[in-house]
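Below: the structure, in structure tokens.
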Number of protein chains: 2
Amino acid sequence: MLVMIMVTNRRFPEMGSGGADGRRGIERMTAQRRAILEELMGVDTHPSALELYEMVRQRLPRISLGTVYRNLEIMSEEGLALKLEHAGAECRYDGNVSPHCHVRCLGCGRISDVPLALPEGLAVEAEKASGYRIAGHRIEFDGWCGKCRRKRRKARRGE
Amino acid sequence: MLVMIMVTNRRFPEMGSGGADGRRGIERMTAQRRAILEELMGVDTHPSALELYEMVRQRLPRISLGTVYRNLEIMSEEGLALKLEHAGAECRYDGNVSPHCHVRCLGCGRISDVPLALPEGLAVEAEKASGYRIAGHRIEFDGWCGKCRRKRRKARRGE
DNA sequence: GTAGCTGCAAAGACTTTGCCCGGGG
DNA sequence: CCCCGGGCAAAGTCTTTGCAGCTAC
């Protein structure tokens with residue numbers, strides 16, 4: 001899928017220039033920013049910053065990795081992308097911000113979407129049980145993708 | 001709570017010396033290993049490796065951070081501890097391996113336990129929807145703990 | 001006795017940041 | 001024209017690893 005970011009005027013409708021909470025905002029649509037957004041929106045592979053850097057570099061060979069990080073950070077603050085922070089592994093980014101969860105392959109680390117949502121009521125229960133004011137949540141599954149499952153079976157037979 | 005690790009013979013019942021999947025095992029109960037286990041089991045604060053290092057250092061001033069990391073890694077492989085690879089911060093460790101989930105405070109980063117489990121059936125649904133063989137899962141809530149909530153309210157009134 | 005562990009320090013992987021300049025608006 | 005954002009590189013943070021000596025068993 002090819003994604004084309006159209007700039008209508010000064011900024012995206014979703015892009016404030018930072019709210020009352022002091023966030024940064026997106027003020028200018030530069031070529032780099034557009035390219036990063038388009039590449040991210042165009043895949044469902046949850047690329048890491050480095051992978052995205054390589055992708056964007058096809059179009060903008062002089063872009064720097066720092067720029068990619070800077071923009072991904074801003075985009076996730078602005079709600080244009082999801083930053084999947086699984087500590088212990090590098091962050092991965094998701095251009096699909098609709099509610100869904102993820103499964104990560106224990107073999108190859110690949111992340112896939114899972115179209116499931118947290119059963120309603122569970123957040124309320126968590127709030128009661130913990131005393132925290134719940135603001136968000138994340139469900140992550142771990143598992144084995146088809147490819148790694150086959151590889152594993154073969155390895156076990158071999159040993 | 002004080003936790004005392006008793007060594008019966010060669011090894012813990014739960015501690016294999018590595019399974020068919022080639023994992024490392026725990027062969028020897030050293031003072032360092034015992035101290036790390038005991039400190040981790042004795043708190044419910046989900047310490048990071050560095051925090052645990054500081055805790056253990058009270059007892060074993062010459063222990064090294066590398067040893068703490070090495071042992072935490074092995075323990076989590078052996079199922080004696082949980083490695084919480086939660087969103088964007090350093091890994092934290094949990095001596096409580098019974099099924100439960102966690103909430104992290106958006107203000108101070110503190111992690112607390114939430115005594116809730118994934119509704120049964122959801123893992124099966126995820127398996128069907130994703131094609132992965134699901135092996136585990138994690139539910140993480142984000143929220144504001146009481147202390148940070150009060151701090152925030154005060155700050156907002158102040159501005 | 002021996003191989004599994006430790007302490008130490010260096011290296012590694014990923015991410016953030018300071019600085020100065022260019023270009024978007 | 002102004003200042004946001006980019007390129008570059010250095011620094012920062014967390015974690016892993018190689019090595020030589022020590023020690024649990």
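Basis for what follows: all heavy atoms, side chains included, without hydrogens, waters or symmetry-related copies. Here is the naming used below: chain letters follow the sequence lines, and residue numbers restart at 1 for every chain.
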For residues 115-131 of chain A, tabulate all N or O donor-acceptor pairs below 3.5 Å that involve a side-chain atom, not counting sequence neighbours.
{"residue": "A/Glu127", "atom": "OE1", "partner": "A/Ile134", "partner atom": "N", "Å": "2.7"}
{"residue": "A/Ser130", "atom": "OG", "partner": "A/Ala126", "partner atom": "O", "Å": "2.7"}
{"residue": "A/Ser130", "atom": "OG", "partner": "A/Tyr132", "partner atom": "N", "Å": "3.1"}

Inset, instruction - Under the side-chain hydrogen bond (donor to acceptor under 3.5 Å, both in side chains) rule, collect the residues that match up with B/Ser48, sequence neighbours excluded. - result: none
Legend entry - Protein-nucleotide distance (A/Tyr53, atom OH; C/dT15, atom P), rounded to Å: 14 Å
Inset, instruction - Find the distance B/Leu50:CG to D/dT15:P and express it as a whole number of Å. - result: 9 Å
Between the protein and nucleotides 6-11 of chain D, which nitrogen or oxygen pairs are less than 3.5 angstrom apart?
{"residue": "D/dG6", "atom": "OP1", "partner": "A/Thr30", "partner atom": "OG1", "Å": "2.9"}
{"residue": "D/dG6", "atom": "OP1", "partner": "A/Asn71", "partner atom": "ND2", "Å": "3.4"}
{"residue": "D/dG6", "atom": "OP2", "partner": "A/Asn71", "partner atom": "ND2", "Å": "3.4"}
{"residue": "D/dG6", "atom": "O3'", "partner": "A/Gln32", "partner atom": "NE2", "Å": "2.7"}
{"residue": "D/dG7", "atom": "OP1", "partner": "A/Gln32", "partner atom": "NE2", "Å": "3.4"}
{"residue": "D/dG7", "atom": "OP1", "partner": "A/Arg62", "partner atom": "O", "Å": "3.1"}
{"residue": "D/dG7", "atom": "OP1", "partner": "A/Ile63", "partner atom": "N", "Å": "3.4"}
{"residue": "D/dG7", "atom": "OP2", "partner": "A/Ser64", "partner atom": "N", "Å": "3.0"}
{"residue": "D/dG7", "atom": "OP2", "partner": "A/Thr67", "partner atom": "OG1", "Å": "2.6"}
{"residue": "D/dG7", "atom": "N7", "partner": "A/Arg70", "partner atom": "NH2", "Å": "3.1"}
{"residue": "D/dC8", "atom": "OP1", "partner": "A/Arg62", "partner atom": "NH2", "Å": "3.1"}

Legend entry - Integer-rounded Å distance: D/dG5 P and A/Glu77 CD: 12 Å
Legend entry - Axis-to-axis angle between the two ends of the helix from C/dG1-D/dC25 to C/dG25-D/dC1 (five base pairs per end, rounded to 10 degrees): 40°
Inset, instruction - Look at the side chain of B/Arg28 against the base of C/dG4 and say whether a donor-acceptor pair falls under 3.5 Å; ignore hydrogens and angles. - result: yes
Legend entry - Carboxylate-amine/guanidinium contact A/Asp94 A/Lys83, below 4.0 Å: no
Inset, instruction - From the options C/dT16, D/dT15, C/dG25, select the nucleotide whose nearest atom is closest to the side chain of B/Ala49. - result: D/dT15
Legend entry - Separation of D/dC22 P from B/Glu27 CD (nearest whole Å): 22 Å
Legend entry - Nearest-Å distance for atom pair CD1/P, residues B/Ile26 and C/dA3: 20 Å
Legend entry - Sequence neighbours excluded, every pair satisfying ring-ring contact (aromatic ring centres under 6.0 Å, His included) that has a member inside residues 29-52 of chain A: A/His46-A/His102
Inset, instruction - Just jot down the side-chain hydrogen bond (donor to acceptor under 3.5 Å, both in side chains) partners of A/Gln32, sequence neighbours excluded, or say none. - result: none
Inset, instruction - Whole angstrom is fine here: how far is it from CG in A/Leu84 over to C1' in C/dC14? - result: 16 Å
Inset, instruction - List for me each residue that meets side-chain hydrogen bond (donor to acceptor under 3.5 Å, both in side chains) alongside A/Thr45, sequence neighbours excluded, and say none if there are none. - result: none
Inset, instruction - Write down the distance between CD (B/Glu78) and P (C/dG4), rounded to a whole number of angstrom. - result: 14 Å
Inset, instruction - Any ring-ring contact (aromatic ring centres under 6.0 Å, His included) involving residues 48-67 of chain A? Give me the pairs, sequence neighbours left out, ordered by first then second residue. - result: none
Legend entry - Rounded distance (Å) that lies between atom P of C/dC14 and atom CD of B/Glu90: 18 Å
Legend entry - Those residues that, when tested against A/Arg57, pass side-chain hydrogen bond (donor to acceptor under 3.5 Å, both in side chains) (two or more places apart): A/Glu54
Inset, instruction - Determine: side-chain N/O of B/Tyr69 to OP1/OP2 of D/dT16, distance under 4.0 Å, yes or no. - result: no
Inset, instruction - Flag the pair B/Arg92 and B/Glu90 as a salt bridge only when some basic side-chain nitrogen lies within less than 4.0 angstrom of an acidic carboxylate oxygen. - result: yes
